[in-house]
Amino acid sequence: MDFTFHCRHFINGQFIESGDGKRFVNINPATEEELGWVAEGGKEEIDRAVQAAKRALKGEWGKYSVRDRIAVIRRIGDLILERKEEFARLESLDTGKPYSLSLNLDIPRAAYNFHFFADYLHSVGTESYQMDSSQFHYAIRRPVGVVGLINPWNLPLLLLTWKMAPALTMGNTVVAKPAELTPMTATLLAEVIKDAGVPDGVVNIVHGFGPDSAGQFLTEHPDVNAISFTGETHTGKTIMAAAAKSLKRLSFELGGKNPNIIFSDADLDDVIETTIKSSFSNQGEVCLAGSRIYVQRPIYNQFLERFVERTKQLVVGDPFDPKTDVGALISKEHLERVSGYLDIARREGRIIVGGERPQGIKKGYYLEPTIIVDLDEQCRVVKEEIFGPVAAVLPFDTEEEVIARANDSDYGLSATIWTSNLKRAHRVAHQIESGIVWVNTWFLRDLRTPFGGMKHSGIGREGGAHSVDFYSELTNITIKL
């Protein structure tokens, strides 16, 4: 493959390498070839980025009016769309996901994040109270300050912009650490931000790893005022401990082991097509994936037969082949981790489709979409987040039973309920312990709604007013009249 893309840090409006010259190699998960090198940042680079962000808060950016911020934030979204094909190509090279998915979902949504929050700022207001003629109370919003953004590798640009857009909208400055496995679209975003006219130092990007690297030093830095993190739960606990030393504001969207509950009166045609997506799109590397599929016993066999048949039709292969439905997993290490769960499934259950490397593919970190049955509810395959194209299908009998089983989890990010009974839909949804409950759909979002999880799936909510609250500080002013 004749392609090279090097990723430098973006600090104070300049692309730079690490002071000690440290780099690491970026690997294409679909071919195992080198895509280029990435500068590896540490304490020095993080401190330079944070200091640049602090200065920018007091500089030109801090003097921008709401109208000025709206204009520049919208411009970022416009420029992403102008370079949509370039962004999509880099995203698929980095992640191994189908190019069609990057082009039609990831990149348009990244642009929309900026457009949405720019538009949303028009409607952001604050509180005011007047009890009588002698006193008047009102609130003003100001930026939190320097915000650290730590992002995952599964939806790199989409989730980076989901945080960056509201942070900038509320007047903050940003230091972002992209996932080390997917650095390219963040680097291209820095180009777009500069072209959009964002003042130097407002957005800074430092590449690197977690422990004893850029991630750790960002979370520990005393001048970082808030951290927004999307990733797995163990890392969230580590960040929380580090951030506690300086009482940073935190927003976490963590892991999920999401139940997909299918009642016997559901529309199976719709169920099958949507469940294929919720199980296997983006190689199952989605925190919202419906990987625990509970099917009411009267339709269990029928569902399983049709689900298996449809799964076998999925094409696994080259992300840039238009026929491809499922691409490569993110890395060799991650493929080995997912394969470890399949070893458990072979011992404690039964794999009825998939579970192997696709025939004819010799390079890349590929795995066939996999369906597992005959598992005990307490099996690790049912309880733990696998984050791959793996779905466990389990029968249930009663509504009360499936609610209890769905809630018997350390996670509480999302759930899906399939039924044609509206009363049941409301009744069950009110009892499911998760931050998001979809009824007869999946991955349908309105960016004004609260997004986040319960239990080990996160802390706080983002989206619409919830993002505005997280990325701004409120000051109440009282006037004695």
Side-chain angles (χ1 to χ4, degrees), residues 101 104-105 256-282 284 286-314 325 352-353 369-375 377 382 389-409 411-455 457 463:
L101 188 64
N104 297 312
L105 173 65
K257 188 67 175 178
N258 311 298
N260 181 8
I261 302 170
I262 303 166
F263 287 98
S264 57
D265 62 348
D267 179 345
L268 265 187
D269 290 337
D270 198 6
V271 168
I272 294 297
E273 285 308 307
T274 306
T275 301
I276 285 289
K277 293 176 184 177
S278 67
S279 300
F280 304 128
S281 62
N282 207 56
V286 182
C287 57
L288 298 165
S291 54
R292 285 191 292 154
I293 303 173
Y294 295 101
V295 185
Q296 200 160 28
R297 204 173 298 274
I299 62 166
Y300 177 81
N301 290 332
Q302 183 185 2
F303 168 84
L304 202 57
E305 180 181 348
R306 293 184 58 179
F307 189 45
V308 168
E309 179 185 4
R310 185 67 182 84
T311 299
K312 288 179 177 178
Q313 296 171 4
L314 296 175
D325 300 302
I352 58 173
V353 67
T370 304
I371 300 173
I372 307 167
V373 297
D374 298 341
L375 289 166
E377 189 72 28
V382 178
V390 180
V393 184
L394 307 101
F396 74 91
D397 293 299
T398 68
E399 180 180 311
E400 295 74 20
E401 170 203 346
V402 77
I403 291 170
R405 290 167 67 184
N407 289 339
D408 185 19
S409 172
Y411 296 106
L413 184 57
S414 74
T416 301
I417 300 166
W418 291 94
T419 179
S420 59
N421 184 321
L422 184 59
K423 289 184 177 180
R424 172 189 280 154
H426 284 289
R427 186 170 62 241
V428 175
H430 280 241
Q431 297 178 73
I432 296 296
E433 297 168 356
S434 66
I436 304 164
V437 179
W438 283 294
V439 177
N440 297 332
T441 189
W442 176 77
F443 213 73
L444 186 61
R445 293 277 291 118
D446 181 323
L447 301 193
R448 295 171 295 182
T449 61
F451 181 86
M454 299 179 179
K455 299 187 272 192
S457 287

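Position 1 is the first residue of the sequence; numbering continues from there. Owing to the predicted nature of the structure, the values given are computational and were not obtained by experimental measurement.
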Between Leu304 and Ile352, is a side chain to side chain contact (heavy atoms under 4.5 Å, CB included) present by the stated rule, with each step listed? CA-CA 10 Å; Leu304 202 57; Ile352 58 173; 3.9 Å; yes
Check: [X] side chain, [Y] main-chain N or O, donor-acceptor pair, under 3.5 Å:
X      : Y      : result
Ser420 : Asp265 : yes
Glu273 : Asp269 : no
Gln302 : Ile299 : no
Thr441 : Trp438 : no
Gln296 : Asp397 : yes

Measuring from [X]:[atom1] to [Y]:[atom2], what's the distance to the nearest 0.5 Å?
X      : Y      : atom1 : atom2 : answer
Leu101 : Lys277 : CG    : NZ    : 10.5 Å
Ile403 : Ile432 : CD1   : CD1   : 5.5 Å
Thr449 : Ile436 : OG1   : CD1   : 7.0 Å
Thr419 : Ile262 : OG1   : CD1   : 11.5 Å
Glu401 : Glu377 : CD    : CD    : 8.5 Å

Around Arg445, counting heavy atoms of other residues, nucleotides and ligands shown, do more than 12 lie under 6.0 Å from its CZ? yes
If you count heavy atoms of other groups shown closer than 6.0 angstrom to CD of Gln313, is the number above 12? yes
Check residues 411-418 and write down every donor-acceptor pair under 3.5 Å in which the side-chain atom is one partner and the other belongs to a residue at least two apart or another chain.
residue	atom	partner	partner atom	Å
Ser414	OG	Asn258	OD1	3.3
Trp418	NE1	Asn260	OD1	3.1

Minimum heavy-atom distance [X]-[Y], with the two atoms named:
X      : Y      : result
Leu288 : Trp442 : O-NE1, 2.9 Å
Ile272 : Phe307 : CD1-N, 3.9 Å
Ala391 : Ser279 : CB-OG, 4.0 Å
Val390 : Phe280 : N-CE2, 4.2 Å
Leu394 : Leu375 : CD2-O, 3.7 Å
Ser409 : Arg292 : CB-NH2, 3.8 Å

Under the 6.0 Å and 45° cation-pi test, does Arg405 pair with Tyr294? no
Of all residues at least two apart in sequence or in a different chain, which pass the side chain to side chain contact (heavy atoms under 4.5 Å, CB included) check with Glu433? Asn407, Met454, Lys455
Can you list the steps and then say if Tyr300 with Val393 is a side chain to side chain contact (heavy atoms under 4.5 Å, CB included)? CA-CA 9 Å; Tyr300 177 81; Val393 184; 3.7 Å; yes
Is there a side-chain contact between Val308 and Ile371 (heavy atoms, below 4.5 Å)? yes
Contact between Val271 and Val295 at the side-chain level, heavy atoms closer than 4.5 Å - yes or no? no
